[in-house]
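All chains are named by letter (A, B, ...) in the order of the sequence lines, taking the proteins before the strands, and each is independently numbered beginning at 1. Bear in mind that the values here come from a model prediction, so they are computed numbers and not experimental data.
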2 protein chains.
Amino acid sequence: MGTTSKALSLLNFFSRATPQIGLSELARLSGLNKATVYRLLGELAAHGFVEQVGTGREYRLGPAFLRLAALREKHVPMRDVALKQLTDLSDATGETAHMSLLNGEVLSNLAYAYSNRHGTMVMMDDAEVLELHSTGSGLAVLAYSPKSLVDEMLSRPLKARTSQTITDPNQIRALLPSIRTEGIAASVGGFEEDVFSHAAPIFDARSICIGAMAVAAPVSRMTDPLRMMIRDNLLAHARQTTRILGGFPPDTFPTREPQMMLQKEA
Amino acid sequence: MGTTSKALSLLNFFSRATPQIGLSELARLSGLNKATVYRLLGELAAHGFVEQVGTGREYRLGPAFLRLAALREKHVPMRDVALKQLTDLSDATGETAHMSLLNGEVLSNLAYAYSNRHGTMVMMDDAEVLELHSTGSGLAVLAYSPKSLVDEMLSRPLKARTSQTITDPNQIRALLPSIRTEGIAASVGGFEEDVFSHAAPIFDARSICIGAMAVAAPVSRMTDPLRMMIRDNLLAHARQTTRILGGFPPDTFPTREPQMMLQKEA
DNA sequence: AACCAATGGTTCAAATAATGAACCGACATA
DNA sequence: TATGTCGGTTCATTATTTGAACCATTGGTT
């Protein structure tokens, strides 16, 4: 791993739960030498990627990201595109719709939209990180990711977010083929209790899966007709989102009308 | 300069004008070896800080910034705070208010607010970069920055954005003391023709200047009474913004009521 | 008050990772 | 076919990164 990667990976230790971290703690978390972390933080700080809180204490993410995010969004208005599609999708289904992007080995939220049709709804949070094994979106991404990522991902111990989280790698592997034939992944209570989530993958110009679009509803509201309705709408909107973003589903991706397919070996 | 700094500085070559850059071009711009740039881009790409456009062509900023910006803003809601203050300031003055943060040797926009009192107003742009020598905000920041930054900054050739831009380093240096006694910098048409801009510095917890808040009005609308009104409102709102963000103006910063001060040597 | 275990920060020889000139094959232009 | 540029790759040389040990402070415990 190059020096730059080490520096950048330091940034991943900042999260909702631990928004600011001290030097020694960060050295411990990253497994790097304290002096190394100190120097790397210094370089990151010089560019506004981290900053020190108050007078000489812990570090936190810096203001540079605001500028770069604005610049990125100005040139590649993913969030805008996603938000429009999500609003439509949320209106059509009456449930919460959201989209997240693959970032290393986790998904990070890009945007979400609520419906006001029901008194209860699944709440989302910017800056939340979704694991690949415990969420519908994660499973959708896994199903369309190269074997290397799946193996890498499933070789690590899988954390149970709820009592219903699937933590057996083989069980997860067994789900993937049917997700591929459906084009949709489902997860019941895997990330949060009482949330039934459907998700479909999003692809880039090289037909590589870059994230997922999902509809999340309370388990109590889920019925088979609703599932069908969500499934159809989700597939359509995910497809359209991929297209608007300039991407293409892979050849193996099911078309709108279910049909017989030959399974191809990658 | 460390390797990490080199990698991070590559990101600064992406701008509104050149949102995507090829490998060779980036090597030329940065003065680094092509192989080096290639490797650095690879590491940046692995973390989502850059990505390649379409199939193996130019590079552009990646999606990671969206997540990190959201995370930063969640923990340090600068933009929200600024937006509230700017809305107030814009309402009070009837003109466009904006705030920008010091990022290396330039200012980048954080937020802005328009007024609807007049038919014409100064328009702002996210992701725009303001130079220190040609803008009111820049002068305000220079006046409260360490001598080293000022020297560094003014040793380079200064670009004339308009016919009214001040490009003589000595002339700029001569402005700084009066800005310090006023607590406010003014610039007439330095960045864009016909724009009269007032700006006040914003400080962090260590009393270091981190950016500026400004009011920009058409030159044609500017009168002495308006200047006084803007000055008072701007000073008050800048002060409050500094305070809400957890910062402190330095001891030398003028209080609301103008008063005699002894000039201190730093 | 003395002690201990943290913290952020610093040093410098040793080890490692970054570097850059040259080289590919592919593509475009002429 | 010849020429220039592109993105990408190689590998011996070089320069940067690294990490153990060491400070000076701070805060808690005895």
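- For the pair A:N33 CG and C:dT7 P, the computed distance is 14 Å after rounding to whole Å.
- Donor-acceptor pairing under 3.5 Å, judged by distance alone, is absent between the side chain of B:K34 and the base of C:dG20.
- With rounding to whole Å, A:R57 atom CZ is found 9 Å from D:dT26 atom C1'.
- Residue A:R39 places at least one side-chain N or O under 4.0 Å from the OP1 or OP2 atom of D:dT18.
- As rounded to whole Å, 13 Å separates atom P of D:dT17 from atom CG of A:L44.
- For B:S24 and D:dT5, the shortest distance from a side-chain N or O to OP1 or OP2 is not below 4.0 Å.
- The separation between A:L40 atom CG and C:dG9 atom C1' is 15 Å, rounded to whole Å.
- Between A:T3 and the phosphate of D:dT16, there is no side-chain N or O to OP1/OP2 separation shorter than 4.0 Å.
- Checking the phosphate oxygens (OP1, OP2) of C:dT7, no side-chain nitrogen or oxygen of A:Y59 falls inside 4.0 Å.
- Distance, A:L23 CG to C:dT10 P: 10 Å, rounded to whole Å.
- If you take CD1 of A:I21 and P of C:dT7, they are 13 Å apart, rounded to a whole angstrom.
- Of the two residues contacting DNA chain C, namely B:A35 and A:A35, the nearest-nucleotide position lying further toward the 5' end is that of A:A35.
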### Task
Go through the steps to decide whether B:E51 and B:R60 satisfy the test salt bridge (charged side-chain N to carboxylate O under 4.0 Å, His left out), and finish with yes or no.
CA-CA 6 Å; B:E51 66 182 5; B:R60 67 183 178 199; 2.8 Å; yes

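- Looking only at side-chain heavy atoms (C-beta outward), A:S108 and A:S100 stay at 4.5 Å or farther from each other.
- Taking atom CZ on A:R206 and atom P on D:dG7, their separation rounds to 14 Å, with Å as the unit.
- Between B:Y144 and B:F203, the two ring planes are perpendicular [angle over 60°; tilted spans 30° to 60°].
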### From CA spacing to verdict: side chain to side chain donor-acceptor pair (under 3.5 Å), B:N33, B:R39
CA-CA 10 Å; B:N33 186 280; B:R39 192 174 42 77; over 6 Å; no

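- Here B:Q52 reaches the OP1 or OP2 of D:dG8: one of its side-chain N or O atoms lies under 4.0 Å away.
- The distance from atom CD of A:E43 to atom C1' of D:dT16 is 10 Å, rounded to the nearest whole Å.
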### Chi angles and distances behind the salt bridge (charged side-chain N to carboxylate O under 4.0 Å, His left out) call for A:D151, A:R156
CA-CA 9 Å; A:D151 289 343; A:R156 264 193 274 288; over 6 Å; no

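- For A:K6, a side-chain nitrogen or oxygen approaches OP1 or OP2 of D:dT18 to under 4.0 Å.
- Judged by closest nucleotide on DNA chain D, B:R28 is the one of B:R28 and B:Y38 placed further toward the 5' end.
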